[in-house]
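What follows is one structure encoded as structure tokens, with my remarks underneath.
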Amino acid sequence: MLHVWWQDDLPQREGSLVRRILSLAAGGEIISFAGGLPNAKHFPVQEVGEVLAAISQEPPLMRLALQYGETDGYYPLREIIAESYARKDNLPIKPEQVGITTGSQQAIDLLSRVLPRGSVVAVERPTYLAALSALRLGEHDFVEVVLEEEGPEVGSLPERAAAFYAVPNFQNPSGITWSNARREAIARWAHERGALLVEDDPYGEIRFRGDRQRPLAAFAPKHTLLLGSFSKILAPGMRVGWFVAPEGGGRLFEEMRFVKESADLHTSTFAQVVIAEYYRRGFAQAHIEAVARAYGKRAALMRELFHELLPEVRTTDPEGGMFLWAVLPEGMDARELFTIALEEGVAFVPGDVFYASAPERRTLRINFTAEDEGGIEEGVRRLARAYARCLRR
Ligand SMILES: Cc1ncc(COP(=O)(O)O)c(C=O)c1O
């Protein structure tokens with residue numbers, strides 16, 4: 001038989017497992033704690049509608065929005081992003097340091113292609129699955145840094161690494177936020193080793209408890225590539241994110257631009273203009289606060305129900321974001337629980353997919369934003385039934 005490479009040779013990848021889980025969970029009666037989606041009920045439908053109506057009344061702006069744009073992004077949006085860091089974090093970022101990307105996922109992918117092939121990249125253990133996928137495509141080598149409640153365990157930082165990819169606020173998957181002390185220590189490490197900190201922060205503004213932490217970029221401005229996104233603070237369908245290149249950043253900005261140009265020329269001008277106008281009209285802050293409040297209630301309910309119905313399962317206590325992380329007692333297996341949980345009508349993501357190597361099989365990622373409060377209550381009840389069945393096996 002004729003050998004056809006796209007039928008016979010392409011690899012089965014772990015990413016497709018998560019896709020399978022998500023499509024299973026999307027069907028019928030399943031309550032899903034598996035997805036990573038913001039809750040669509042909270043999208044600013046009316047405000048975006050107002051912005052679209054306003055733009056349609058301004059032909060020059062509409063023409064600009066419908067035209068090709070610059071690879072670096074729509075300048076007024078780059079200014080808005082820079083100003084926002086100045087206001088919230090007192091960070092003196094220039095709009096010229098900000099590059100607009102097609103979601104922050106693209107920034108991770110661009111970086112993966114800019115890094116010399118086979119670079120050593122430190123990642124948290126566990127870490128964001130799609131960052132692992134992007135970095136694997138660049139054929140880089142991972143070193144895992146154990147993630148504790150306070151942040152990365154400093155003792156497990158490698159002697160040398162080209163970069164440390166990390167999610168210091170309300171991490172996906174664990175919900176953990178780094179303390180200031182850990183941020184300082186990691187910044188020192190980056191200085192001493194000449195490593196690039198890749199601070200992926202799509203959730204930082206969705207804080208429902210405690211005070212905003214200083215970004216790593218404030219501790220190590222010359223060593224940090226800071227990534228952000230409008231996906232969680234406005235809507236992921238916009239597909240607009242950004243990177244902030246390190247201060248005096250050598251050729252990193254230019255290289256990211258070079259690679260982006262061949263990936264997609266530029267991010268949708270239309271989406272960028274809509275977002276800039278949305279911010280200009282002052283809609284953003286109230287929306288972010290409302291989303292954080294709503295998610296905070298769901299997170300608290302989820303934790304309460306775990307305490308009550310699954311007291312042997314340890315969970316993290318996120319101060320923001322969309323996920324908590326659960327650890328099953330010794331000897332249990334989250335994949336086995338997952339199979340039974342699906343029969344009971346509830347889904348989650350088994351935690352083993354979030355490890356670069358030596359997966360821990362007792363962990364699970366629980367999303368608390370996609371279901372409403374009734375769904376959370378019923379879902380944890382179903383999970384508790386699945387857990388009891390798993391114990392009896
Ligand atoms: C940690 C992290 N980084 C990046 C992304 C990608 O987000 P987007 O490309 O929508 O900005 C996600 C999405 O869930 C995420 O959890």
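Remember, it's 1-based here, ligands and their atoms both numbered in the order they're listed. All values derive from a computational prediction rather than experimental measurement.
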Is Gly241 in contact with ligand 1, taking contact as a heavy-atom separation below 4.0 Å? no
Does some non-hydrogen atom of Lys232 fall short of 4.0 Å from ligand 1? yes
Is it the case that atom CG in Asp211 sees more than 12 heavy atoms from other parts of the structure closer than 6.0 Å? no
Identity and distance of the protein heavy atom lying nearest atom 2 (C) of ligand 1: Asp200 OD2, 3.4 Å
Decide whether Glu205 and Asn169 meet the rule of one side-chain donor and one side-chain acceptor closer than 3.5 Å. no
What I want to check is whether the side chains of Gln285 and Tyr279 have a donor and an acceptor closer together than 3.5 Å. no
Indicate, as side chain, backbone, both or neither, the part of Phe230 found under 4.0 angstrom from ligand 1 when only non-hydrogen atoms are considered. neither
Protein residue, atom and distance nearest to atom 16 (O) of ligand 1, heavy-atom basis: Tyr203 OH, 2.5 Å
of all protein heavy atoms, closest to atom 10 (O) of ligand 1 is Ser231 OG, 2.6 Å
Show the atoms of ligand 1 that are less than 4.0 angstrom away from any heavy atom in Arg239. 8 (P), 9 (O), 10 (O)
Evaluate Thr315 against His307 for side-chain contact (heavy atoms from CB on, under 4.5 Å), listing each step before the verdict. CA-CA 9 Å; Thr315 67; His307 262 316; over 6 Å; no
Taking it one step at a time, do Arg125 and Leu147 satisfy side-chain contact (heavy atoms from CB on, under 4.5 Å)? CA-CA 5 Å; Arg125 175 178 170 77; Leu147 186 59; 5.6 Å; no
side-chain hydrogen bond (donor to acceptor under 3.5 Å, both in side chains) with Trp178: which of Gln171, Glu124, Gln213? Glu124
Proximal ligand 1 atoms for Ser229, defined as those under 4.0 Å from one of its heavy atoms: 8 (P), 11 (O)
The protein heavy atom nearest to atom 5 (C) of ligand 1 is Tyr128 OH, 3.3 Å
Is it true that Arg78 and Glu96 make a salt bridge, defined as a side-chain N closer than 4.0 Å to a carboxylate O? no
At under 4.0 Å between heavy atoms, which part of Ser104 makes contact with ligand 1: side chain, backbone, both or neither? both
